[in-house]
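First comes the structure, then the notes that go with it.
All of these numbers come straight from a predicted model, not from anything done at the bench. Hydrogens, waters and symmetry mates play no part in the numbers below; they use all other heavy atoms, side chains included.
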Amino acid sequence: MQALLEAQGQKEEYVKDLIISRDKLAFLVKDLIMTEVWRDKILPEILSQNKKPKTSIGIYVVMHHEVTVLSLLEVMTFRFQSSVKPDSAVEALGDLVLDVIDYCHRALVNLLAHPEIRLEKDETAAEPPIEVQLGQQRDSLRFMAAVQSITLLQHICEQLSRLTVSAASRLLRQHDLPLLLVQLLDARLWVRTNRAGRRQKYERRQWVASPPDDLAVAKIEGQLWLTLLYILMDREHLALYEISEYRRGQLLRLQKHLTDTVLEQVPPLGALRQWLAHISVSPPPPPARSGVIIETVPELRQALLDRHAGRWAKLARQQLERHFRTDLASIQEQARRLAAVYDLDKMAPLMPESTRCAACGEVAVKKCSRCKAAWYCGRQCQVKHWPVHKPDCDAA
């Protein structure tokens, strides 16, 4: 939290410097991959063995830990450092950047395969069972993780020249990132229609009202365009990317999205529109054949899968017995520990002078009396924001 506030306030980033200088980035990446494997392999077993959980607090905290680590990695990779060496967190990741690239790719592929995870949940019906709530919270968190993955990829591609050829090859050859970004721009998953039939746009980690004539470029859309720009406008990167007839046809689909309105808001995209016009009439030559390249491959996730293969049900059973017990005393003890970890009084000195409303961003004067976490400028914004805030409030 302190790292995030330092970045937002444009202050000296002590936490960021400390993590880089103490070589703790590797710990964050390993933590991220372990949480992802837990979510994919152990969580389904936990829900299968405990079909009627009495509380969602413990499981939700573990699920939310994934986006917490992603948030810290977002802050860490945002810009260059000057007070420590290496001066870039992306560069300091070393070969672990390949594991981050693969994680981001998996998150975005899942988003394209399951666009329904971003849809609004029915808040008008009776409160669903806890197992249903956990499924809804899992979908919401997976959408947040995908959005954060877009930010991470943007930061990585912006600094790709600082990394080894294995990173560029992983993005362009193994994952074909340009075509994945084309699909995301086509899908426009940052816009939805809510249950009331009103258009909404995902901004600042929440869904906000967006009138039909809203032509402003969403942050997610801008990040997708800039990531494409970093890759396709760099000759060194293009040398690794053969633009076949199929790829050329897919890339030319971008032309319909590059309207004058978009270019007015993101002027650097003019170079991309010019390049697309050029390849539409004159296909680029194939890249020169390079010598043998010995590439590094990501190992963290596969090592975990190999190590625990066939043991997921047993691990889930052990965790249910040790960490997710459902007797009243265990639930109360778990709640006390979480309250100690997320002690708002201890965090208060880190907060900026003016706390902002979770709904409109204006200066807040009151906080949710139930969870003590969300702040609002008044009752009107609190009521309006309740459908978004309810899952987090219930979990607290």
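Contact check for Pro391 versus Ser140: no side-chain heavy atoms found under the 4.5 Å cut-off. Counting only heavy atoms from C-beta outward, the side chains of Asn50 and Leu47 never approach each other to under 4.5 Å. Within the 4.5 Å cutoff, side-chain heavy atoms of Ile156 are placed close to those of Leu163. Looking at heavy atoms from C-beta onward, Leu108 lies in side-chain contact with Ile150 at the 4.5 angstrom threshold. Taking the side chain as every heavy atom from C-beta outward, Cys157 and Leu177 approach each other to under 4.5 Å. Using a 4.5 Å cut-off on side-chain heavy atoms (C-beta onward), Leu240 and Leu171 make no contact. You'll find the side chain of Leu251 reaches within 4.5 Å of the side chain of Leu179, heavy atoms only. Using a 4.5 Å heavy-atom cutoff, the side chains of Tyr60 and Arg138 are not in contact.
In the hydrophobic clustering of ILVMFWY residues, with side-chain heavy atoms under 4.5 Å counting as a link, Val109 and Leu112 come out together. Note: the hydrophobic cluster containing Val182 also contains Val217 (ILVMFWY, side chain heavy atoms under 4.5 Å, direct or indirect links). At a threshold of 4.5 Å between side-chain heavy atoms, the hydrophobic network of Ile, Leu, Val, Met, Phe, Trp and Tyr places Leu238 and Leu181 in one connected group. By the criterion of side-chain heavy atoms lying less than 4.5 angstrom apart, applied directly or through intervening Ile, Leu, Val, Met, Phe, Trp or Tyr residues, Phe27 is not grouped with Leu93; the two fall into different hydrophobic clusters.
For Trp190 and Phe143, the gap between ring centers reaches or exceeds 6.0 Å.
Salt bridge annotation for Lys54-Glu131: absent, with no cationic side-chain nitrogen under 4.0 angstrom from a carboxylate oxygen. A salt bridge does not link Lys30 to Asp99: none of the charged side-chain nitrogens sits closer than 4.0 Å to a carboxylate oxygen. Using a 4.0 Å cut-off between a side-chain N of Lys or Arg and a carboxylate O of Asp or Glu, Arg173 and Glu242 do not qualify as a salt bridge. The residues Arg273 and Asp260 are annotated as salt-bridged, a charged nitrogen and a carboxylate oxygen being separated by less than 4.0 angstrom. Comment: Glu120 does not engage Arg195 in a salt bridge, judged by the lack of any side-chain N to carboxylate O separation of less than 4.0 angstrom.
For the residue pair Tyr103 / Glu66, a side-chain donor-acceptor distance below 3.5 Å is found, with atom types taken as modelled. A side-chain donor from one of Ser210 and Arg199 sits under 3.5 Å from a side-chain acceptor of the other. Residues Asp392 and His64 bring no donor and acceptor atom of their side chains to less than 3.5 Å of each other. For the residue pair Arg205 / Ser71, a side-chain donor-acceptor distance below 3.5 Å is found, with atom types taken as modelled. A side-chain donor-acceptor contact under 3.5 Å links Gln223 and Thr151.
Minimum heavy-atom separation, Glu245 to Arg248: OE1-NH2, 3.1 Å. Among all heavy-atom pairs drawn from Glu45 and Ala316, the shortest one is CB-CB, 3.5 Å. Thr35 approaches Asp31 most closely through the heavy-atom pair OG1-O, 2.7 Å. Considering all non-hydrogen atoms of both residues, His237 and Leu172 come closest at O-CD1, 3.3 Å. Across Ile130 and Ser56, no two heavy atoms sit closer than the pair CG2-CB, 3.8 Å. Thr77 and Leu73 get closest at one heavy-atom pair: OG1-O, 2.8 Å.
When the shell of 6.0 Å around CD of Gln380 is examined, it contains 12 or fewer heavy atoms from other residues, nucleotides or ligands. Applying the 6.0 Å contact sphere to CD of Glu236 captures no more than 12 heavy atoms from other residues, nucleotides or ligands. Under a cut-off of 6.0 angstrom, the local environment of CZ in Arg192 is crowded, with over 12 non-hydrogen atoms contributed by other residues, nucleotides or ligands. Remark: Lys256 NZ is packed, more than 12 non-hydrogen atoms of other residues, nucleotides or ligands lying under 6.0 Å away.
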Under the side-chain hydrogen bond (donor to acceptor under 3.5 Å, both in side chains) rule, what do Asp186 and His257 come out as? Steps first, then yes or no, please. CA-CA 8 Å; Asp186 275 343; His257 300 299; 2.6 Å; yes
I'd like to know whether Val75 forms a side chain to side chain contact (heavy atoms under 4.5 Å, CB included) with Phe78, so could you lay out the CA-CA distance, the side-chain angles of the two residues, the decisive distance to 0.1 Å, and finally the verdict. CA-CA 5 Å; Val75 173; Phe78 175 56; 5.8 Å; no
Test Met144 against Tyr202 for side chain to side chain contact (heavy atoms under 4.5 Å, CB included), laying out the working first. CA-CA 10 Å; Met144 290 177 61; Tyr202 193 78; 3.7 Å; yes
Using side chain to side chain contact (heavy atoms under 4.5 Å, CB included), reason through Thr193 and Arg198 one step at a time and then give a plain yes or no. CA-CA 5 Å; Thr193 301; Arg198 296 187 179 91; over 6 Å; no
With side chain to side chain contact (heavy atoms under 4.5 Å, CB included) as the criterion, how do Asn110 and Arg106 come out once you've worked through the C-alpha distance, each side chain's angles and the decisive distance to 0.1 Å? CA-CA 6 Å; Asn110 177 76; Arg106 289 190 295 270; over 6 Å; no
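Here the straight-line distance linking atom NE2 of His175 with atom CG of Leu153 works out to 9.0 Å at 0.5 Å rounding. With values rounded to the nearest 0.5 angstrom, Gln154 atom CD is found 12.0 Å from Cys104 atom SG. The line from OG of Ser244 to CD of Gln250 is 9.5 Å long, rounded to the nearest 0.5 Å. Considering CD of Glu158 and CG of Leu229, their distance stands at 10.5 Å, rounded to 0.5 Å. Taking OG1 of Thr259 as the reference point, atom CG of Leu215 lies at 7.5 Å (rounded to 0.5 Å). To the nearest 0.5 Å, the span separating CG on Leu254 from CG on Leu232 amounts to 8.0 Å.
Checked by atom type and distance alone, the side chain of Arg118 pairs as donor or acceptor with a backbone atom of Val191 at under 3.5 Å. Remark: side-chain polar atoms of Lys201 are not paired, donor with acceptor, to backbone N or O of Asp214 under 3.5 angstrom. Ser166 contributes a side-chain N or O that, together with a main-chain N or O of Thr296, makes up a donor-acceptor pair within less than 3.5 Å. The backbone N or O of Pro44 lies less than 3.5 Å from no partner atom in the side chain of Ser48, so there is not a single donor-acceptor pair. With hydrogens and angles disregarded, a donor-acceptor distance shorter than 3.5 Å links the side chain of Ser280 to the backbone of Ala277.
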Identify all side-chain donor-acceptor contacts of residues 297-304 below 3.5 Å with residues at least two apart in sequence or on another chain.
{"from": "Arg301", "atom 1": "NH1", "to": "Glu36", "atom 2": "OE1", "distance (Å)": "3.3"}
{"from": "Gln302", "atom 1": "NE2", "to": "Asp306", "atom 2": "OD1", "distance (Å)": "2.8"}

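Using the six-membered ring where Trp is involved, His385 and His389 have ring planes that are parallel, under 30° apart on the 30 and 60° scheme. Aromatic ring pairs are classed by plane angle as parallel below 30°, tilted from 30° to 60° and perpendicular above 60°; the pair Phe324 and Trp38 is tilted.
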